[in-house]
Trainee: 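To start, I am sharing the structure in question, which I have written as structure tokens.
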Amino acid sequence: MTDLKDATRSPDWQDDVRQGVRHVRDLDRLPLSPAERAAAQAAAAHHKVRAPKAYLDLIDWNDPADPIRAQVIPSLGELVETEGELGDPIADHAFSPEPRLTHRHADRVLLFPTYQCAVYCRFCFRKESLTSIGRGYTREALEPALAYIADHPEIREVILTGGDPLSLPDNALAEIVARIEAIPHVRLLRIHTRVPVALPSRISSGLVEALQGRLMVTVVTHFNHAREITDATEVACRTMRQAGFVLLNQSVLLKGVNDSIEVLEELCRELMYRLGVKPYYLHHGDLARGMAHRRTTIAQGQALVEALRARLSGICNPVYVLDLPEGGGKVPLGSCPIEGRDGESWRIRGLDGAVRDYTEVVGE
Ligand code: SF4
């Protein structure tokens with residue numbers, strides 16, 4: 001079974017894929033200078049290139065620093081490897097007891113039904129797995145991972161990630177969901193996807209039905225810039241909300257894409273107010289190879305989230321996290337507002353920057 005090309009699709013969906021970039025040779029159709037095209041071709045040899053038309057249409061080709069372009073058009077910066085960068089930044093492989101499965105934390109697993117995506121993001125921290133494994137879904141390939149989940153009653157959440165699970169056909173998704181639902185100790189199905197951002201026409205009633213069933217479904221989208229929020233993404237998110245899915249968003253902090261307070265503020269507000277998607281995590285850039293040109297410092301990230309905290313309501317504020325190497329997990333990086341403590345008396349910095357005393361009052 002293959003991915004995108006075999007799915008039952010609306011014409012929009014099919015057209016978006018067909019008219020987008022699917023191969024290196026399709027870069028010839030983009031309005032790139034000869035030097036930019038040569039750079040893109042060179043970088044695409046290391047990390048695949050793919051972008052649906054709907055996403056490419058968001059690019060302002062007159063702006064070489066366009067934030068949408070920076071996310072999908074390969075560039076020479078990707079070929080520069082910097083000391084300290086890693087092929088498997090969060091140790092997916094070290095915590096993989098079976099193919100297509102990562103079990104890092106007791107109550108949840110990552111399941112990789114496919115190593116293919118509707119869009120290949122230049123900053124992807126799994127790009128080396130996508131290249132080296134690269135395979136789509138087959139029933140047989142997932143059997144050992146499903147047997148492992150069934151044998152481990154401590155697993156409550158299954159996270160379909162990738163590769164992009166929503167790049168699969170409806171019948172494949174329905175089959176995978178049915179297998180997971182048959183494991184009684186699994187309570188929650190989580191789906192990590194860029195499809196609602198890059199290929200929103202794919203979010204059809206058929207896709208939603210394929211995911212519905214016994215399990216609570218949480219879809220974690222991946223918007224990085226407010227320019228990715230369009231009428232089409234609004235329809236896609238409304239379709240998923242109306243199906244009863246919980247919608248969260250994780251963004252990656254990317255230099256030249258969203259490393260300004262104005263861009264992040266607009267992104268978080270539009271996610272919550274227009275799409276009904278809760279900003280969940282803002283990831284510090286992982287140590288993926290060839291990504292130094294897109295990484296900020298942690299101090300820069302902390303300053304940005306401190307400013308965000310002062311401007312946005314709690315529901316619009318994401319948590320700034322670093323996914324530690326060696327499987328250390330996601331740790332919050334936001335600066336600590338506690339300035340000091342003397343017994344039950346604390347000195348705590350408020351949103352206005354002023355430090356106040358707070359004395360705990362707790363009954364016996
Ligand atoms: S869709 Fe996700 S897995 Fe695929 S390239 Fe983008 S970030 Fe990586």
Side-chain angles (χ1 to χ4, degrees), residues 3-4 13 16-17 20-24 40 43-52 54-56 58-59 67-75 78 85-90 92-93 96 100-102 110-137 159-168 173 190-203 207 218-225 228 233 236 248-254 257-258 277 280-291 294-295 321 323 330:
D3 293 349
L4 291 169
W13 195 71
D16 270 349
V17 172
V21 167
R22 291 183 290 175
H23 310 284
V24 175
H46 290 254
H47 176 35
K48 288 181 278 192
V49 64
R50 180 180 283 173
Y55 196 72
L56 293 170
L58 302 178
I59 295 174
I68 311 298
R69 172 180 176 153
Q71 295 183 63
V72 288
I73 304 301
S75 68
E78 295 170 37
E85 293 185 326
L86 302 166
D88 180 14
I90 64 169
D92 281 338
H93 298 302
S96 178
R100 295 182 179 242
L101 184 96
T102 291
L110 302 178
L111 187 63
F112 302 89
T114 177
Y115 286 95
Q116 299 174 359
C117 302
V119 59
Y120 288 114
C121 314
R122 307 323 300 170
F123 51 83
C124 179
F125 72 93
R126 292 210 171 98
K127 61 183 177 180
E128 298 198 23
S129 293
L130 302 185
T131 303
S132 63
I133 305 172
R135 296 192 193 94
Y137 169 70
I159 300 163
L160 301 185
T161 188
D164 196 319
L166 296 192
S167 68
L168 292 169
L173 283 170
R190 225 199 289 175
I191 293 160
H192 288 188
T193 177
R194 278 277 274 175
V195 163
V197 181
L199 189 58
S201 53
R202 174 70 186 96
I203 307 298
L207 179 141
T218 298
V219 177
V220 183
T221 61
H222 186 165
F223 290 86
N224 288 323
H225 196 285
E228 296 172 330
T233 58
L248 304 172
N249 185 72
Q250 47 187 352
S251 303
V252 183
L253 183 58
L254 294 166
V257 173
N258 58 13
V277 178
Y280 171 48
Y281 283 142
L282 174 66
H283 287 264
H284 185 73
D286 293 288
L287 290 173
R289 280 197 273 250
M291 276 297 107
R294 291 280 167 229
R295 237 173 266 125
V321 292
D323 216 334
K330 292 183 189 67

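Counting starts at 1 for both ligands and their atoms, following the listed order.
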Trainee: Tell me the protein N, O or S atoms under 2.8 Å from atom 4 (Fe) of ligand 1, in chain and number order.
Mentor: Cys117 SG
Trainee: Between Arg122 and Pro74, is any pair of side-chain heavy atoms under 4.5 Å apart?
Mentor: yes
Trainee: Indicate whether any N or O donor in one side chain lies under 3.5 Å from an N or O acceptor in the other, for Gln116 and Tyr137.
Mentor: no
Trainee: With heavy-atom distances below 4.5 Å as the criterion, would you say the side chains of Thr161 and Phe112 are in contact?
Mentor: yes
Trainee: Report the residue from His283, Gln250, Gln71 that forms a side-chain hydrogen bond (donor to acceptor under 3.5 Å, both in side chains) with Asn224.
Mentor: Gln71
Trainee: Please find out if less than 6.0 Å separates the ring center of Phe123 from that of His222.
Mentor: yes
Trainee: Going by side chain to side chain donor-acceptor pair (under 3.5 Å), name the residues that satisfy it together with His93, two or more places apart in sequence or in a different chain.
Mentor: Ser129
